[in-house]
Structure formats: structure tokens, C-alpha cells
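Report on the following structure.
The first residue of the sequence shown is numbered 1, and numbering continues consecutively from there. None of the values given here were measured: they were computed from a predicted structure.
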Amino acid sequence: MDKETAKTRKRLRQIGSVYDFENILEQSMLSEEEKTILRMHYKEQKPLCYIADELGMSEITVKKKHRKMLMKIGKLF
């Protein structure tokens with residue numbers, strides 16, 4: 001994971017307010033599926049393998065989507 005992606009991941013984990021987290025998701029212009037993945041991972045603290053199973057995707061697909069989302073959201077910080 002590169003430095004920018006790691007910074008974004010850390011910032012998402014540090015957001016305490018649900019309102020602030022949702023505000024960032026709305027600004028990001030992500031799909032509802034992508035927002036669901038981020039909510040589950042950062043707010044519900046579910047591992048990516050669990051999320052993949054819940055959404056009927058492979059774990060590798062969720063990991064790839066997660067990485068792309070971090071790059072998109074990183075531009076907002």
C-alpha cells in the first residue's frame with residue numbers, strides 16, 4: 001500500500017462522527033455499493049473477507065474496489 005492510500009485509510013478510521021463520515025461519502029461520488037463497503041469496513045469494523053461474503057463477491061474484488069475507493073477519497077482530504 002502506498003503512503004497516500006495509507007494516510008486516507010488512517011483518516012477514515014479517525015472519523016468519529018457518523019455525520020462526518022457520511023458527509024465524506026456523499027462528497028466522494030461513490031456508488032451505493034462502494035459506500036456500503038466503506039461503511040461496513042470503517043464504521044462496523046467488518047473485515048473485507050466478511051464484506052465480500054455478505055455482498056456475494058470474491059474477496060479479491062472487494063480488496064480491489066477498496067483500494068480504488070481510497071484513492072478517490074484521498075483527493076478529498
Checklist outcome for this item: Here the side-chain hydrogen bond (donor to acceptor under 3.5 Å, both in side chains) pairs for residues 44-56, sequence neighbours left out, are none
Next on the checklist: Within the supplied structure, the quantity of interest is the number of heavy atoms (other residues, nucleotides, ligands) at a distance under 6.0 Å from Lys63 NZ; does it exceed 12?
Outcome noted: no
Checklist outcome for this item: What one should report as the nearest heavy-atom pair of Ser28 and Ile73 is CB-CG1, 3.9 Å
Checklist outcome for this item: With sequence neighbours left out, the residues meeting salt bridge (Lys or Arg N to Asp or Glu O under 4.0 Å) with Lys72 are Glu34
Item to check | Distance-minimising heavy-atom pair for Phe21 and Ile15 | outcome: N-CG2, 3.6 Å
Checklist entry - To the nearest 0.5 Å, how far apart are CG in Leu48 and NZ in Lys64? => result 14.0 Å
Checklist entry - Leu25 and side chain to side chain contact (heavy atoms under 4.5 Å, CB included): which partner among Glu22, Met29, Gln27? => result Glu22
Checklist entry - Any chain of hydrophobic side-chain contacts (each under 4.5 Å) joining Met71 to Ile24? => result no
Item to check | Minimum side-chain heavy-atom gap Arg11-Leu70 below 4.5 Å | outcome: no
Item to check | With sequence neighbours excluded, residues passing ring-ring contact (aromatic ring centres under 6.0 Å, His included) with Tyr42 | outcome: His66
Next on the checklist: Nearest 0.5 Å, please: how far is OG1 in Thr36 from NZ in Lys65?
Outcome noted: 11.0 Å
Item to check | Heavy atoms from other residues, nucleotides or ligands near NZ of Lys43 exceed 12 (cutoff 6.0 Å) | outcome: yes
Checklist entry - Should Met57 and Glu33 count as side-chain neighbours, where that means a heavy-atom distance under 4.5 Å? => result yes
